[in-house]
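Here the structure is laid out as structure tokens; the discussion comes afterwards.
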Amino acid sequence: MAREYTHLEQNRLEKLERLRSLGIEPYPTRAERSHTSLEAIQAFEQREASGKPEGLEVTLAGRLRSMRTMGKITFAHIEDGAGRVQLFFRADDVGQEGLELFNREFDLGDFIQASGEMFRTRTQEVTLRVRSFRMLAKAITPLPAAKDEVVDGQVVRHATLADPERRYRQRYADLAINPEVRQVFRARAAIVRALREFLDARDFIEVETPILQPIYGGAAARPFVTHHNQLKQQLYLRISFELYLKRLLVGNLERVYEIGRDFRNEGVDRTHNPEFTQLEFYVAYADYLQVMELTEQMVAYVAEKVLGKLTLTYQGAEINLAPPWKRLALRDGLLGASGIDIHAHPTASSLLAEMRKIGMQADAHAPRGKLIDALLSEKLEPTLTQPTFLYDYPRDISPLAKSKPGDPQTVERFEGFIAGMELCNAFTELNDPLDQEARFLEMGRDYGADDEQRHPMDEDYLRAMRYGMPPNGGFGMGIDRLTMLLTGSANIREVILFPHLREREGEP
RNA sequence: GGGCGCGUAGCUCAAUGGUAGAGCAGUGGCCUUUUAAGCCAUUGGUUGAAGGUUCGAGCCCUUCCGCGCUCACCA
């Protein structure tokens with residue numbers, strides 16, 4: 001495809017050629033840096049405090065973000081990963097030719113390196129008095145940012161990249177000019193790090209299980225289908241890690257976790273992306289009540305590490321993550337939110353009739369569990385602002401969870417909700433191979449052979465279970481949603497670096 | 001998939017159906033402590049795409065493309 005450069009890009013390409021004709025390589029192989037912007041400023045302030053500010057020689061590197069040319073002097077700011085620092089170019093220091101080279105051939109967005117002595121200007125800004133400088137990487141395309149200013153230490157952008165489509169498609173440009181976006185992804189990394197710390201400190205081992213699976217399972221979701229050429233085998237991208245992680249419990253790995261990507265071939269909205277990051281862990285000899293305690297401790301630990309506190313504001317709601325979180329039986333929660341007692345309606349038809357009475361529309365052929373799930377999503381979930389564990393779910397939508405003693409239609413399962421969002425899902429895991437086989441068969445009946453959401457029979461998983469699986473508690477949590485919560489992001493795309501958008505002609 | 005909305009210069013945005021503009025960026029000047037620097041001058045447009053209505057369309061109509069919100073769907 002023939003590339004058409006804008007006149008701004010053509011202008012910069014001409015500068016590139018002029019640099020080369022002067023013997024200056026616009027993309028040199030090596031760079032040097034003695035300090036980050038922040039380190040240089042802090043080092044200078046320390047010297048000031050000790051009474052001898054002069055003589056701090058540094059070499060800085062970063063992206064040119066502002067330039068103010070004033071005849072025989074030029075002020076500029078460069079930005080690096082740590083922040084910004086002002087550069088001061090003076091003809092007396094860099095020579096008339098040096099100053100003109102900088103003014104004429106260097107542009108906003110270029111990466112440069114500059115050496116000199118740190119000082120404080122008349123307006124009291126800690127600044128590098130540049131003695132030498134060089135191009136590190138010429139930018140051809142101008143950043144989609146206009147000017148910005150610093151008011152009381154805060155960068156104020158007067159016009160910046162705001163179009164969400166452009167921000168997601170060109171995340172590199174979004175990151176380059178919007179520091180708060182960088183901050184979201186630093187927070188995301190800190191969240192994952194804190195989760196690992198928490199689990200590693202409790203004798204969990206981190207494992208990796210197959211992403212390409214011959215049989216998908218562990219959740220009710222439509223999979224992505226792919227194919228291995230040499231094996232001539234259809235494979236699925238995993239929709240959960242569950243069945244592989246529990247095989248490891250059979251192998252006497254008592255505490256395992258995995259953090260990785262799940263893929264679900266379903267709708268995209270503000271809390272769903274077709275690929276998303278999940279944490280799952282399994283603990284031998286634990287039940288769902290112990291997992292509940294571990295969950296609230298873990299999320300509180302992460303918040304403490306990432307935010308330094310247990311309270312946060314999400315979309316205007318004050319949320320307190322301090323344990324213990326509220327516990328609410330699903331039956332009681334639904335009764336309170338909808339007036340319907342699901343125990344009084346043991347059949348799908350009876351429950352459906354009751355839901356229609358309160359104005360809900362529901363699929364006439366849905367099994368009872370799916371109706372309960374619809375009731376939960378529509379009536380109860382939006383009301384669960386403070387951290388809440390809903391517990392004791394219907395057996396028929398929980399084929400991998402163990403029944404409650406004395407109540408075979410209910411399983412020991414809980415979901416955690418915060419800010420009206422489902423955050424996690426956990427149960428006392430079913431470890432009875434005969435019961436498990438019966439559940440798979442039930443699912444086959446309830447969903448019909450053509451429903452991709454039904455759990456396919458996984459014979460190998462049953463075989464593993466027949467060798468004996470210790471009683472255990474299992475847990476899954478969406479890292480993206482946790483990140484949304486802890487960074488105040490309203491849309492899952494704000495916490496995924498490269499979210500999926502519809503393909504555009506000529507673009508990825 | 002349905003509904004509503006949006007798409008104009010590199011960026012942020014204007015423009016009763018009547019000559020497509022502004023600020024910033026860019027370009028050419030002036031300027032040795034500026035910080036949205038200032039001052040003077042100036043370049044830059046297939047108004048998302050294709051049709052239609054009209055003497056005349058950025059604006060009205062149709063279709064298509066993309067995005068946002070929302071509903072449906074969704075462990």
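Convention: sequence-line order gives letters A, B, ...; per-chain numbering from 1.
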Q. Is there a Watson-Crick or G-U wobble partner for B:U34 with both distances under 3.5 Å, and if so, which one is it?
A. none
(Q) With rounding to the nearest 0.5 angstrom, report the CE to OH distance, A:Met292 to A:Tyr391. (A) 7.0 Å
(Q) Under a 3.5 Å cut-off for both contacts, is B:G26 paired Watson-Crick or G-U wobble with anything, and if yes, with which nucleotide? (A) B:U42
Q: Let me know the distance between CZ of A:Arg166 and P of B:C67, rounded to the nearest Å.
A: 15 Å
Q. Expressed in whole Å, how much space separates the P atoms belonging to B:C71 and B:C11?
A. 32 Å
Q: Return the nearest nucleotide to the side chain of A:Phe75; candidates are B:U33, B:C11, B:C74.
A: B:U33
Can you pull every protein N or O that's under 3.5 Å from an N or O on nucleotides 2-6 of chain B?
none

Q | Pairwise distance CG(A:Leu390) to CZ(A:Phe414) - rounded to 0.5 angstrom | A | 11.0 Å
Q) Out of B:A25, B:C74, B:U70, which has the shortest distance to the side chain of A:Leu108? A) B:A25
Q) A:Asp269 has an atom CG; how far is it from atom C1' of B:C69, in whole Å? A) 12 Å
Q. Quick one: do the A:Thr69 and A:Asn103 side chains pair a donor with an acceptor below 3.5 Å?
A. no
Q: Please tell me which of the listed nucleotides, B:A75, B:C67, B:U33, lies nearest to the side chain of A:Arg264?
A: B:A75
Q | Whole-Å distance separating the CG atom of A:Asn273 from the P atom of B:C74 | A | 18 Å
**Q.** Name of the residue among A:Val283, A:Asn472, A:Asn431 meeting side-chain contact (heavy atoms from CB on, under 4.5 Å) with A:Leu249
**A.** A:Asn472
**Q.** Donor/acceptor link under 3.5 angstrom from A:Gln86 side chain onto base of B:U34
**A.** yes
Q.
Tell me which nucleotide, if any, is Watson-Crick or G-U wobble paired with B:C60 when both distances must be under 3.5 Å.
A. B:G52
Q: Please state the P separation for the pair B:C69 and B:C24 - nearest whole angstrom.
A: 33 Å
Q: Could you check how far CG of A:Asp480 sits from C1' of B:A75, rounded to whole Å?
A: 15 Å
Q) B:C74, B:U34, B:A75: which one has an atom nearest the side-chain heavy atoms of A:Asn425? A) B:A75
Q. At what distance, to the nearest 0.5 angstrom, does CZ of A:Arg413 lie from OG1 of A:Thr428?
A. 12.0 Å
Q. For RNA chain B, whose closest nucleotide is more 5', that of A:Arg120 or that of A:Arg481?
A. A:Arg120
Polar atom pairs between nucleotides 29-32 of chain B and protein, under 3.5 Å, N or O only, would you list them?
from, atom 1, to, atom 2, distance (Å)
B:C31, N3, A:Gly71, N, 3.1
B:C31, N4, A:Gly71, N, 3.2
B:U32, OP2, A:Lys72, N, 3.3
B:U32, N3, A:Asp92, OD2, 3.4
B:U32, O4, A:Asp92, OD1, 2.8
B:U32, O4, A:Asp92, OD2, 3.4

(Q) Strictly below 4.0 Å: does A:Asn11 bring a side-chain N or O up to OP1 or OP2 of B:G26? (A) no
(Q) Can you check the distance between B:U32 and B:U27, where both ends of the measurement are the C1' atom (answer in whole Å)? (A) 24 Å
**Q.** A:Thr295 side, atom OG1; A:Glu415 side, atom CD - distance, nearest 0.5 Å
**A.** 12.0 Å
Review item, nucleotides 42-45 of chain B N/O atoms under 3.5 Å of protein N/O:
from, atom 1, to, atom 2, distance (Å)
B:G44, O2', A:His7, ND1, 3.4

Q. Does a donor on one side chain and an acceptor on the other come within less than 3.5 Å for A:Tyr168 and A:Glu494?
A. yes
Q. Has the side chain of A:Thr127 got a donor or acceptor that lies under 3.5 Å from a partner of the other kind on the base of B:U33?
A. no
Q: Pick the C1' atom in B:U53 and in B:A14, then give their distance to the nearest Å.
A: 27 Å
Q) Using a cut-off of 4.0 Å on non-hydrogen atoms, how would the nucleic acid contact of A:Glu415 be classed: base, sugar-phosphate, or nothing? A) nothing
Q. So which nucleotide does B:C4 pair with, by the Watson-Crick or G-U wobble rule with both distances under 3.5 Å?
A. B:G68
Q: For A:Glu296, enumerate each residue passing the salt bridge (charged side-chain N to carboxylate O under 4.0 Å, His left out) test, keeping only those at least two apart in sequence or located in another chain.
A: A:Arg327
Q: Pick the P atom in B:G2 and in B:C60, then give their distance to the nearest Å.
A: 22 Å
Q. Taking only side-chain nitrogens and oxygens of A:Asn491, does any of them come within less than 4.0 Å of OP1 or OP2 of B:C69?
A. yes
Q) Expressed in whole Å, how much space separates the P atoms belonging to B:A57 and B:U12? A) 29 Å
Q | Residue A:Ala219, side-chain atoms from C-beta onward, closest of B:U33, B:A75, B:G26 | A | B:A75
Q | Donor on one side chain, acceptor on other, A:Gln96 and A:Glu100, under 3.5 Å | A | yes
Q. Start at the 5' end of RNA chain B and walk down; is the nucleotide closest to A:Thr6 or to A:Arg68 reached first?
A. A:Thr6
Q | Residue list, salt bridge (charged side-chain N to carboxylate O under 4.0 Å, His left out) with A:Glu258, at least two apart or on another chain | A | A:Arg238
Q) Under the side-chain hydrogen bond (donor to acceptor under 3.5 Å, both in side chains) rule, what pairs show up with a residue in residues 372-386 of chain A, not counting sequence neighbours? A) none
Q: Measure from the side chain of A:Arg222, starting at C-beta and using heavy atoms only, and say which of B:G10, B:U33, B:C74 lies closest.
A: B:C74
Q) Got a second to check how far A:Leu334's CG is from A:His343's NE2, nearest 0.5 Å? A) 9.5 Å
Q. Side chains of A:Asp80 and A:Thr36: donor-acceptor distance under 3.5 Å anywhere?
A. no
Q.
Determine whether the aromatic ring centres of residues A:Phe427 and A:Tyr393 are separated by less than 6.0 angstrom.
A. no
**Q.** Distance in angstrom units between A:His77 NE2 and B:U34 C1', rounded
**A.** 9 Å
Q | P gap between B:A50 and B:U46, integer Å | A | 11 Å
Q) To the nearest angstrom, how far is A:Leu87 atom CG from B:U33 atom P? A) 18 Å
Q.
Looking only at the side chain of A:Lys15 (C-beta and beyond, no hydrogens), which of the listed nucleotides B:C11, B:A75, B:G26 gets closest?
A. B:G26
Q) In whole Å, what is the span from the CG atom of A:Leu143 to the C1' atom of B:C24? A) 14 Å
Q: Find the distance between CZ (A:Phe224) and CZ (A:Phe263) and round it off to the nearest 0.5 Å.
A: 8.5 Å
**Q.** Separation between the P atoms of B:G21 and B:C4, rounded to whole Å
**A.** 34 Å
Q | A:Arg167 CZ to B:C11 C1', straight-line distance once rounded to whole Å | A | 15 Å
